[in-house]
Colleague: 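The following block contains the structure, expressed as structure tokens.
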Protein chains: 2
Amino acid sequence: MQYTEEPTNAVEDDRRQMLGGFIRAQRQIANLSLRQLSAMTEISNPYLSQVERGLHEPSIRVLKSIADALNVSAEILFEQAGLISGTEKLGDEATESAVRADQRLTEAQRHALLAVYRSYIETNRKES
Amino acid sequence: MQYTEEPTNAVEDDRRQMLGGFIRAQRQIANLSLRQLSAMTEISNPYLSQVERGLHEPSIRVLKSIADALNVSAEILFEQAGLISGTEKLGDEATESAVRADQRLTEAQRHALLAVYRSYIETNRKES
DNA sequence: GCAGGGTGCTTGACATGCCAAGCAAAAGAT
DNA sequence: ATCTTTTGCTTGGCATGTCAAGCACCCTGC
């Protein structure tokens with residue numbers, strides 16, 4: 001079962017650097033020092049420094065606090081982190097995502113709505 | 001500045017459990033064994049098991065591979081993980097917006113969907 | 001001059017993510 | 001019945017995320 005070498009490493013290095021750079025840029029735009037951001041995020045300033053320089057891949061928790069503190073939509077950060085790979089699919093899936101995320105619907109209602117929605121899509125596809 | 005004890009712990013425990021449960025559900029729906037998913041994601045099956053049971057908080061990398069392998073938009077996973085803090089900001093209107101903007105629906109279908117959606121919201125409001 | 005408070009960074013040490021090896025139980029297959 | 005395969009899981013250990021303490025530098029005021 002040949003393990004697949006690792007084409008990941010170089011790529012991930014780049015991603016960390018990009019993500020870090022992005023965070024640093026945002027922080028500077030917001031005119032915050034590492035310690036100030038540290039206070040807001042409850043994350044140690046040394047670690048923030050390391051993350052910004054791409055020395056570490058922050059955890060989900062950390063990434064989210066940073067996004068919150070910097071007033072950057074988390075999605076944008078994730079995109080920078082190479083997470084949301086493309087936004088390509090997002091267009092088509094926007095409705096499904098929104099429905100699934102809708103806190104005001106019950107589970108059953110979500111399913112029902114999605115079922116209706118999908119049937120529409122399917123219908124339109126056949127008729128085209 | 002008394003640090004606030006840790007209200008995080010319980011909350012995060014819950015989140016991990018929810019996220020894990022969601023992943024497990026998606027995997028089972030896709031009819032995949034832990035080892036199969038493991039092969040697709042290049043993540044060890046024991047660790048997947050632990051993540052699904054909420055014993056560990058997966059890293060970004062791991063979360064993304066899982067999302068890809070399960071064909072779940074990463075955003076949805078993040079939302080389950082409590083990342084995208086809630087769609088709160090786009091918030092209550094996200095679903096309506098998405099439906100209105102959906103190019104794949106006809107005008108009539110949009111109206112129908114919105115009508116159903118609104119009736120759900122209304123129903124829930126009364127019942128609360 | 002030199003206090004003091006601001007900046008970013010380095011460095012050990014601890015917590016946690018993550019994996020390889022291996023195990024118990026269930027489902028077939030012979 | 002037993003052999004095999006496949007399932008999920010436990011465990012010990014290496015790798016990595018994270019922090020507290022402390023360092024070097026740049027200011028601004030005394």
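Keep in mind the model is a prediction, meaning the values are calculated, not measured. Here is how names work: the chains are called A, B, and so on, in the same order as the sequence lines, proteins then strands, and each is numbered from 1.
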Colleague: With DNA chain D as reference, determine whether B:Arg53 or B:Ser33 sits nearer its 5' end, using the nearest nucleotide of each.
Modeller: B:Ser33

Colleague: Check B:Leu37 against B:Ala69 and note the closest heavy-atom contact, atom names and distance.
Modeller: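 Minimum heavy-atom contact is CD1-CB, 3.7 Å.
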
Colleague: Which part of the nucleic acid, if any, lies within contact of A:Val62, taking any heavy atom under 4.0 Å across all strands shown: a base, the sugar-phosphate backbone alone, or nothing?
Modeller: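 Sugar-phosphate: the residue A:Val62, judged by heavy atoms under 4.0 Å, touches backbone atoms but no base.
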
Colleague: Just checking A:Glu57: base, sugar-phosphate only, or nothing, at a heavy-atom cut-off of under 4.0 Å?
Modeller: sugar-phosphate

Colleague: Report the residue (B:Pro58 or A:Arg27) whose heavy-atom-nearest nucleotide on DNA chain C is the more 5′ of the two.
Modeller: A:Arg27

Colleague: How close or far is atom P of C:dG17 from atom OH of A:Tyr47, stated in whole angstroms?
Modeller: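 Result: 12 Å.
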
Colleague: Supply the atom-to-atom distance A:Leu70 CG to A:Thr41 OG1, rounded to the nearest 0.5 angstrom.
Modeller: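 Here the interatomic distance stands at 8.5 Å.
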
Colleague: Heavy atoms of chain B, cut-off under 4.0 Å: which first and last nucleotide of DNA chain D, 5' to 3', fall inside that, if you could look?
Modeller: D:dT7 to D:dT11

Colleague: Whole Å only: how far is the CG atom of A:Leu55 from the C1' atom of C:dG8?
Modeller: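 Distance check: A:Leu55 CG to C:dG8 C1' gives 13 Å.
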
Colleague: Of the non-hydrogen atoms in B:Ile60 and A:Pro58, which two are nearest, and what is the gap between them?
Modeller: CD1-O, 3.3 Å

Colleague: Roughly how many Å is it from CD in B:Gln50 to C1' in C:dA15, rounded to a whole number?
Modeller: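 Atom-to-atom, B:Gln50 to C:dA15, this comes out as 15 Å.
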
Colleague: Taking the side chain as everything from C-beta on, heavy atoms only, tell me whether A:Met40 gets closer than 4.5 Å to A:Leu32.
Modeller: yes

Colleague: Which nucleotide sits closest to the side chain of A:Leu34: C:dC9, C:dC19, C:dA20?
Modeller: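 Shortest atom-to-atom distance from the side chain points to C:dC9.
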
Colleague: Quick one: does A:Arg35 reach the base of C:dG6 with a side-chain donor-acceptor pair under 3.5 Å?
Modeller: no

Colleague: Taking all non-hydrogen atoms of both residues into account, name the closest pair between B:Tyr117 and A:Arg104 and its distance.
Modeller: OH-NH2, 3.4 Å

Colleague: Taking OP1 and OP2 of C:dC9, is either one under 4.0 Å from a side-chain nitrogen or oxygen of A:Ser49?
Modeller: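 For C:dC9, OP1 or OP2 has a side-chain N or O of A:Ser49 closer than 4.0 Å.
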
Colleague: With B:Tyr120, which residues qualify under ring pair (Phe, Tyr, Trp, His ring centres under 6.0 Å), at least two apart?
Modeller: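 B:Tyr120 satisfies ring pair (Phe, Tyr, Trp, His ring centres under 6.0 Å) with no other residue.
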
Colleague: Quickly work out the A:Glu52 CD to C:dT10 C1' distance and round it to whole Å.
Modeller: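 Distance check: A:Glu52 CD to C:dT10 C1' gives 16 Å.
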
Colleague: Nearest whole angstrom, please: distance from the P of C:dA20 to the CD1 of B:Ile43.
Modeller: 12 Å

Colleague: Mind calculating the distance between CD (A:Gln36) and P (C:dG6) to the nearest angstrom?
Modeller: 9 Å

Colleague: B:Ile60 has an atom CD1; how far is it from atom C1' of C:dG17, in whole Å?
Modeller: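 For the pair B:Ile60 CD1 and C:dG17 C1', the rounded distance is 13 Å.
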
Colleague: Would you please say whether a donor-acceptor pair under 3.5 Å links the side chains of A:Ser49 and A:Arg53?
Modeller: yes

Colleague: Send over the distance from B:Leu37 CG to C:dC19 P, rounded to a whole Å.
Modeller: 12 Å

